[in-house]
J.: 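A single structure is presented below for examination.
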Amino acid sequence: MSLFKGEKFGIAFIDVSTGEFFTTTLDSFDEVIAEILKLSPVECIVPDDIDANTLEELKKHVKIVHSVESERFSLEKAREMLKESIPDF
C-alpha cells in the first residue's frame with residue numbers, strides 16, 4: 001500500500017499474490033485507518049515529508065512503513081515512470 005497526503009489522502013494498493021490493484025482518495029485520516037483495517041496491508045510506502053503524527057499512527061496499524069523521497073509521489077514523476085515502462089504512453 002502507498003499513502004499520499006495532500007488536500008485529501010490518496011491510497012494505492014496492490015496484492016502481489018492476486019495482481020489486484022486499486023486506488024482511492026479519502027477525506028480524512030480516520031477513513032485511511034478504516035481502509036487499512038479492511039485491507040490489512042503488510043507494508044505501507046509514504047513520502048519522506050509526511051508529518052510525524054501521521055507516521056506514528058500508521059505504524060500502529062501497518063507492520064512495515066517505508067518512507068521514500070517525496071518527489072516520487074509527484075504527477076510528473078508518475079508520468080516519467082509510465083513512459084519508461086510503456087514507451088507509447
Side-chain angles (χ1 to χ4, degrees):
M1 183 176 114
S2 179
L3 173 70
F4 177 76
K5 183 180 179 185
E7 289 182 27
K8 295 185 176 198
F9 291 89
I11 290 179
F13 176 83
I14 187 166
D15 183 334
V16 295
S17 66
T18 64
E20 177 185 12
F21 175 75
F22 80 92
T23 62
T24 190
T25 57
L26 303 164
D27 293 319
S28 72
F29 192 65
D30 288 338
E31 291 177 295
V32 170
I33 296 301
E35 284 293 311
I36 288 172
L37 294 174
K38 182 173 80 173
L39 298 169
S40 300
V42 174
E43 179 181 27
C44 184
I45 301 169
V46 298
D48 59 5
D49 61 356
I50 197 164
D51 66 87
N53 292 335
T54 301
L55 185 60
E56 288 307 310
E57 191 63 28
L58 279 174
K59 289 180 178 180
K60 293 178 186 176
H61 301 283
V62 182
K63 187 175 184 177
I64 302 167
V65 179
H66 290 287
S67 61
V68 298
E69 307 85 30
S70 59
E71 74 173 26
R72 297 189 70 171
F73 289 80
S74 73
L75 183 56
E76 181 179 312
K77 184 66 174 179
R79 285 187 181 124
E80 177 186 315
M81 293 174 73
L82 279 171
K83 286 180 182 180
E84 289 174 8
S85 299
I86 309 167
D88 295 331
F89 181 74

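This chain uses plain numbering: 1 for the first residue, then up along the sequence.
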J.: Hey, what do you get for OG (S70) to NZ (K77), rounding to the nearest 0.5 Å?
T.: 12.0 Å
J.: Determine, for K60 against E57, whether the closest basic-nitrogen to carboxylate-oxygen distance falls under 4.0 angstrom.
T.: yes
J.: To the nearest 0.5 Å, what is the distance between OG (S2) and CD (E43)?
T.: 10.0 Å
J.: Shared ILVMFWY cluster between M1 and V16, side chains joined below 4.5 angstrom?
T.: no
J.: How many angstroms lie between atom OG1 of T25 and atom CD of E31, to the nearest 0.5 angstrom?
T.: 9.0 Å
J.: Check this for me: does any side-chain nitrogen of one of K38 and E35 sit under 4.0 Å from a carboxylate oxygen of the other?
T.: yes
J.: Give the intermediate values and the outcome of side chain to side chain contact (heavy atoms under 4.5 Å, CB included) for residues K5 and V32.
T.: CA-CA 10 Å; K5 183 180 179 185; V32 170; over 6 Å; no
J.: Let me confirm one number: the CG-OG distance from D15 to S40, rounded to the nearest 0.5 Å.
T.: 11.0 Å
J.: Does one hydrophobic cluster hold both F4 and I33, with members joined at side-chain heavy-atom distances below 4.5 Å?
T.: no
J.: Taking atom CG of L39 and atom CD of E20, what is their separation to the nearest 0.5 Å?
T.: 8.0 Å
J.: Same cluster or not: are F22 and V46 linked, directly or through other Ile, Leu, Val, Met, Phe, Trp or Tyr residues, by side-chain heavy atoms under 4.5 angstrom apart?
T.: yes
J.: Is I64 reachable from I14 through a run of hydrophobic residues whose side-chain heavy atoms are each under 4.5 Å from the next?
T.: no
J.: Does some side-chain heavy atom of D48 sit less than 4.5 Å from a side-chain heavy atom of F73?
T.: no
J.: Taking a hydrophobic cluster as the set of Ile, Leu, Val, Met, Phe, Trp and Tyr residues connected by side-chain heavy atoms closer than 4.5 Å, whether directly or through intermediates, do F13 and F29 fall within one such cluster?
T.: yes
J.: Check whether any side-chain heavy atom of L58 lies under 4.5 Å from a side-chain heavy atom of I36, and answer yes or no.
T.: yes
